[in-house]
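Notes follow once the structure below has been shown.
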There are 2 protein chains.
Amino acid sequence: MDKLTDELLDHVAYRFKLLGEPMRLRILSCLKDGEKCVQDLVEETGAGQANVSKHLSLLMNDGVVNRRKDGLHVFYFIEDETIHELCNLVCDSLEKSTENMQQAFKRS
Amino acid sequence: MDKLTDELLDHVAYRFKLLGEPMRLRILSCLKDGEKCVQDLVEETGAGQANVSKHLSLLMNDGVVNRRKDGLHVFYFIEDETIHELCNLVCDSLEKSTENMQQAFKRS
DNA sequence: TTATTAAATAACCAGATAGAAATATTATGG
DNA sequence: CCATAATATTTCTATCTGGTTATTTAATAA
């Protein structure tokens with residue numbers, strides 16, 4: 001985070017914002033183990049088709065995911081693998097702070 | 001990102017959402033080198049005082065920052081150091097994809 | 001006590017956006 | 001060509017939220 005230009009900072013914020021919607025994170029979680037077509041994602045997430053498409057479109061435009069067309073189906077996959085690292089970092093951090101909360105609760 | 005419960009996933013998303021606002025990221029960037037009082041942050045970011053306070057409050061409640069009171073001043077500092085890692089990861093990733101874009105542009 | 005300063009909170013508004021429904025596009029098969 | 005299935009796009013609406021202004025709270029000093 002050295003010498004963040006305003007432009008880069010805005011882009012970083014936007015990337016975080018993309019990851020900051022539960023449904024988008026759910027979609028990315030579904031893509032963790034490999035490509036999925038839109039239908040699969042609709043079923044797995046329980047979201048509407050238009051909704052899933054829109055989220056995927058946003059993720060595509062920012063280079064988070066990419067796609068491969070095959071007949072009527074469009075298979076989406078994670079393009080930027082750092083997503084997993086990001087999620088893991090946050091998960092670990094949250095779990096740690098939850099532990100601390102519990103510890104503090106025990107002590108009180 | 002293994003076995004994300006819905007609850008954890010929502011919390012992870014919320015953490016990302018917190019980082020997904022340019023002004024909050026700017027505030028965190030200001031705190032990178034150490035604690036700052038609210039006034040300092042107001043001056044450095046150019047945002048309104050109420051605004052900075054509100055952002056800090058959100059960041060506090062989720063454990064991203066913490067504070068130390070000293071007389072009239074309240075000094076905020078980063079509590080969850082993984083923030084830096086997260087930002088660096090995103091920065092590197094974005095820079096990389098920008099390079100790729102430029103490469104592709106040269107080839108075309 | 002009163003005045004002053006720093007920070008937090010409350011109330012409001014305007015812009016953004018997730019979701020739903022309808023429509024359009026694209027690809028396949030008959 | 002037409003029908004169908006998968007996906008994308010458009011439109012609309014309800015909700016959320018960042019920013020501003022005004023007010024309140026808290027701490028210090030006179």
Side-chain angles (χ1 to χ4, degrees), chain A residues 6 9-31 34-79, chain B residues 6 9-31 34-79:
Chain A
D6 280 1
L9 188 141
D10 284 345
H11 196 173
V12 173
Y14 183 70
R15 172 63 59 94
F16 281 131
K17 176 179 270 182
L18 284 180
L19 302 179
E21 282 302 314
M23 186 53 72
R24 278 197 288 270
L25 217 50
R26 223 156 257 134
I27 290 173
L28 291 171
S29 180
C30 290
L31 295 178
E35 63 178 21
K36 296 268 174 64
C37 71
V38 180
Q39 283 184 103
D40 294 339
L41 294 171
V42 168
E43 289 168 15
E44 285 193 50
T45 61
Q49 179 266 317
N51 223 341
V52 171
S53 275
K54 208 159 53 168
H55 285 309
L56 287 169
S57 174
L58 290 172
L59 293 170
M60 261 285 286
N61 288 333
D62 201 50
V64 178
V65 302
N66 206 340
R67 68 183 165 192
R68 174 181 71 84
K69 295 192 178 186
D70 181 21
L72 277 179
H73 296 268
V74 179
F75 290 90
Y76 283 85
F77 53 91
I78 290 181
E79 173 81 15
Chain B
D6 280 1
L9 188 141
D10 284 345
H11 196 172
V12 173
Y14 183 69
R15 172 61 60 94
F16 280 132
K17 177 179 272 184
L18 283 181
L19 302 178
E21 282 302 316
M23 185 52 73
R24 277 197 288 271
L25 219 48
R26 224 156 257 135
I27 289 172
L28 290 171
S29 179
C30 290
L31 294 178
E35 62 178 22
K36 295 268 174 64
C37 70
V38 179
Q39 284 184 102
D40 292 340
L41 294 171
V42 168
E43 289 170 14
E44 284 192 50
T45 60
Q49 178 266 318
N51 217 350
V52 171
S53 275
K54 205 157 59 168
H55 285 308
L56 288 170
S57 175
L58 290 171
L59 294 170
M60 260 286 284
N61 288 334
D62 202 48
V64 178
V65 302
N66 206 338
R67 67 181 165 194
R68 172 180 74 83
K69 295 192 177 185
D70 181 23
L72 276 179
H73 295 268
V74 179
F75 289 90
Y76 283 85
F77 53 92
I78 290 181
E79 172 81 15

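The sequence lines fix the lettering, A, B, ..., with proteins before strands; numbering per chain opens at 1. Just so you know, these numbers use all the heavy atoms, side chains as well, and skip hydrogens, waters and symmetry mates.
Partner of A:Leu31 under the side chain to side chain contact (heavy atoms under 4.5 Å, CB included) criterion, chosen from A:Glu44, A:Lys36, A:Glu79, A:Arg26: A:Lys36.
Comparing atom distances between the A:Met23 side chain and each of C:dG19, D:dA8, C:dA7 picks out C:dG19 as nearest. Listed nucleotides D:dA6, D:dG18, D:dA8 differ in distance to B:Asn51; the shortest reach to its side chain belongs to D:dG18. With D:dT9, C:dA8, C:dT9 as the candidates, the nucleotide lying closest to the side chain of B:Tyr76 is C:dA8.
Atom CZ of B:Phe75 and atom P of C:dA6 are 11 Å apart (whole Å). Nucleotide D:dA5 holds its C1' atom 14 Å from the CD atom of A:Glu43, rounded to whole Å.
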Determine, for nucleotides 24-30 of chain D in 5'-to-3' order, which nucleotides have protein heavy atoms under 4.0 Å from the base (write B), from only the sugar-phosphate (write S), or from neither (write -).
-> --BBS--
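Side-chain atoms of B:Val74 and B:Arg68, non-hydrogen and from C-beta on, never get closer than 4.5 Å to each other.
Applying the salt bridge (charged side-chain N to carboxylate O under 4.0 Å, His left out) test to A:Asp40 and every residue at least two apart in sequence or in another chain returns nothing.
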Taking only nitrogen or oxygen atoms into account, show me every contact under 3.5 Å that the protein makes with nucleotides 10-17 of chain D, one pair per line with its distance.
residue, atom, partner, partner atom, Å
D:dT17, OP1, B:Lys17, NZ, 3.4

Let me see the working for B:Leu58 and B:Tyr14 under side chain to side chain contact (heavy atoms under 4.5 Å, CB included), right down to the final yes or no.
-> CA-CA 11 Å; B:Leu58 290 171; B:Tyr14 183 69; 3.9 Å; yes
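Remark: B:Leu59 CG to B:Leu25 CG distance equals 9.5 Å, nearest 0.5 Å. To the nearest 0.5 angstrom, B:Arg67 atom CZ is 9.0 Å from B:Leu56 atom CG. Considering CZ of A:Phe16 and CZ of B:Arg15, their distance stands at 10.5 Å, rounded to 0.5 Å.
For B:Gln49 against C:dA8, a side-chain N or O and a base N or O form a donor-acceptor pair under 3.5 Å.
The side chain of B:Arg67 places no N or O atom within less than 4.0 Å of a non-bridging phosphate oxygen (OP1 or OP2) of C:dA7.
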